[in-house]
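Note sheet for the following structure.
Being a predicted model, the structure only gives us computed values, none of them experimental. Indexing begins at 1, ligand by ligand and atom by atom, following the structure's order.
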Amino acid sequence: MRPTTTTATMEASASWMMWGGLNSGVVLSLIAVLWTVAWQNLQHLQLHHFFKRHVGRHARRFAALLDPYLSVTVAEYDGGGRMRRAEAYEEVKAYLAEATTRDARHLRAEGAKDADRLVLSMVDGEEVADVLLPEEAGDAAGGTVFWWAYSRPPPGQQQDRRWGGFGGGGGDQENHRFYRLFFLDRHRDAVLNAYLPRVRRQGRAVMVRNRRRKLSTNISTTQFTDGGFMRSSWTHVPFEHPKTFATLAMDPAKKKEIVDDLDTFKNGKNYYAQIGKAWKRGYLLHGPPGTGKSAMIAAMANHLDYDVYDIELTSVHSNTELRKLFIETTSKSIIVIEDIDCSLDLTGARTKKTDAVVDDKPTKPDGDGRKADTSSKVTLSGLLNFIDGLWSACGGERIIVFTTNHLAKLDPALIRRGRMDKHIEMSYCRAPAFQFLARTYLGVEKHELFDTVGALLQEVDMTPADVAENLTPKSADDDADSCLRELVAALQKAKEDKANGRGNDQQQPEEQDGGAVVVAQD
Ligand SMILES: Nc1ncnc2c1ncn2[C@@H]1O[C@H](COP(=O)(O)OP(=O)(O)OP(=O)(O)O)[C@@H](O)[C@H]1O
Ligand SMILES: [Mg+2]
């Protein structure tokens with residue numbers, strides 16, 4: 001076993017390995033303990049500055065004799081920010097979970113992507129060994145054993161750099177953990193150039209494999225993680241929506257265009273870096289209710305294998321809170337704001353007013369003392385900053401999707417290209433989309449009623465949601481024939497209602513080419 005994390009025992013064990021004799025081991029253990037005590041007292045008396053200057057070199061040599069191990073600490077939160085776990089920490093955790101849990105004696109378990117599996121990780125105080133093979137190191141350091149320890153700083157020393165602290169303030173610091181790698185000085189290069197990069201690389205691969213996709217919404221919670229209790233702005237559940245592009249009714253050419261656009265984005269890391277643009281893309285889905293906007297978002301998330309963050313804007317109280325929410329999102333995610341026109345006072349008619357309000361002040365009560373605006377204090381400028389300000393560059397690989405039933409009501413500043421790069425109109429069901437739904441819902445490619453339905457759908461605006469509902473069998477006796485007849489009856493009724501002036505009052509779609517979706521080019 002590698003020496004334990006307490007200095008004295010570690011030094012004693014190291015000496016044992018070096019001199020190999022029981023007596024010398026005991027003597028050196030004693031020296032180590034005395035040295036530690038003396039050093040701590042010197043520190044207390046502030047005399048260590050004197051020692052550092054005058055005998056520091058000799059002291060370091062002596063210490064190296066007693067403790068030949070160097071260490072690298074991977075802290076849960078790095079100096080870059082306290083709001084998000086350090087990536088390196090997550091990667092080391094994932095790597096160790098897979099590479100070394102065979103050796104660990106005490107483990108903790110979390111649910112994995114596959115419902116029957118568990119992802120294991122080390123518990124506090126546990127240590128494991130790992131090996132760098134000769135071919136990986138490319139030199140004599142190969143085959144070397146390294147030691148990993150998982151722990152947390154002793155109480156009161158969370159800010160100490162020895163424990164991976166960064167000296168600043170921070171409320172939740174008590175619970176921050178760290179992984180620490182121990183190795184010998186002669187393996188320094190192998191550790192830094194071969195071993196640690198390999199750990200991070202493999203850790204990332206394990207994270208992708210074990211990743212359970214999440215659907216998060218902005219309800220703040222206190223969660224228990226292996227780092228203790230954490231306050232998060234998001235609450236999440238596993239994302240298990242079955243909608244895919246294969247079951248989304250739309251014109252095949254348009255579908256391909258959207259899928260290609262998503263693929264290009266996903267593989268575009270280098271391209272975005274090359275053109276100096278944050279790696280993000282905005283989609284605006286607009287169209288009447290029931291035309292598949294939410295279904296499209298689920299299909300996008302499933303296609304890209306991304307998490308979904310669904311922001312309920314009316315619960316966001318300020319621009320600052322919106323920014324915080326954004327910072328706490330992870331990469332490979334779709335950030336969704338549904339019904340943007342209903343969530344905020346951002347509509348075209350009030351552009352001037354909203355644009356002028358750029359601070360986070362709460363809305364003043366009106367004459368009766370009631371609040372004039374009880375929704376959100378997020379302003380247009382706050383939202384624009386959220387989409388394309390400096391903050392949007394943090395992390396990368398994010399898609400932002402807005403949906404609306406009323407495109408005309410939106411402020412042009414919000415939906416201009418560059419912010420909302422792709423505008424996709426979702427519209428009423430026409431013949432091609434109907435045939436797709438018939439195939440998906442009833443398994444029929446052809447039917448004598450197809451022409452009748454197709455003709456009626458030219459005259460009547462029916463959403464894919466309504467067509468799909470009519471095509472869904474309601475009892476064991478229902479078959480393709482009865483479902484199609486039911487659809488024809490529903491369409492004929494809608495046609496009569498329209499003729500009698502009782503048509504639906506939904507937004508009329510722009511004339512389009514027979515599919516449920518029209519895509520606007522960049
Ligand atoms: N083009 C489509 N292809 C397949 N199913 C669809 C399509 N459009 C709608 N649906 C189905 O209809 C139902 C409602 O669709 P969805 O919730 O996506 O509509 P929406 O446009 O988001 O409506 P709203 O504006 O009210 O939010 C879903 O069950 C969805 O699967
Ligand atoms: Mg919807």
Handout entry: Within 6.0 angstrom of Lys256 NZ, more than 12 heavy atoms from elsewhere
Key = no
Practice task
Please determine, by modelled atom types, if Arg198 and Tyr95 share a side-chain donor-acceptor pair under 3.5 angstrom.
Solution key: yes
Handout entry: Short N-O contact, Glu459 and Lys498, less than 4.0 angstrom
Key = no
Problem - Under-4.0 Å salt bridge between Arg177 and Glu76 - result: no
Handout entry: Heteroatom N/O/S of Thr403 within less than 2.8 Å of the Mg ion (ligand 2)
Key = no
[X] to ligand 1: N or O pair under 3.5 Å?
{"X": "Leu248", "answer": "no"}
{"X": "Ala249", "answer": "yes"}
{"X": "Asp339", "answer": "no"}
{"X": "Ser294", "answer": "yes"}
{"X": "Leu437", "answer": "no"}
{"X": "Gly292", "answer": "yes"}

Per-atom contacts, ligand 1 versus [X] - under 4.0 Å to a heavy atom:
{"X": "Lys293", "result": "18 (O), 19 (O), 20 (P), 21 (O), 22 (O), 23 (O), 24 (P), 25 (O)"}
{"X": "Ala295", "result": "18 (O)"}
{"X": "Thr247", "result": "4 (C)"}
{"X": "Pro464", "result": "1 (N), 2 (C), 7 (C), 8 (N), 9 (C)"}

Exercise for the section: Please state whether the rings of Trp279 and Tyr272 are parallel, tilted or perpendicular, taking 30° and 60° as the class boundaries. Expected result: tilted
Practice task
Just say parallel, tilted or perpendicular for the rings of Phe434 and Phe450, cut-offs at 30° and 60°.
Solution key: perpendicular
Structural part of [X] in contact with ligand 1, heavy atom criterion under 4.0 angstrom:
{"X": "Ala468", "value": "neither"}
{"X": "Thr463", "value": "neither"}
{"X": "Lys243", "value": "side chain"}

Problem - Non-hydrogen atoms of Ala246 and Phe436 that approach each other most closely - result: O-CZ, 3.0 Å
Exercise for the section: Evaluate the side-chain hydrogen bond (donor to acceptor under 3.5 Å, both in side chains) criterion for residues Ser315 and Asn218: first the C-alpha distance (whole Å), next the side-chain angles of each, then the deciding distance (0.1 Å), finally the verdict. Expected result: CA-CA 8 Å; Ser315 316; Asn218 53 315; 4.7 Å; no
Handout entry: Qualifying residue, where the test is side-chain contact (heavy atoms from CB on, under 4.5 Å) with Leu487 and the options are Asn470, Thr452, Asp466
Key = Asn470
Completion exercise
Of Ala298, Ala465, Pro289, Pro242, the one whose closest heavy atom lies nearest atom 11 (C) of ligand 1 is Ala465
Problem - Which residues share a ring-ring contact (aromatic ring centres under 6.0 Å, His included) with Tyr309, sequence neighbours left out - result: Trp234
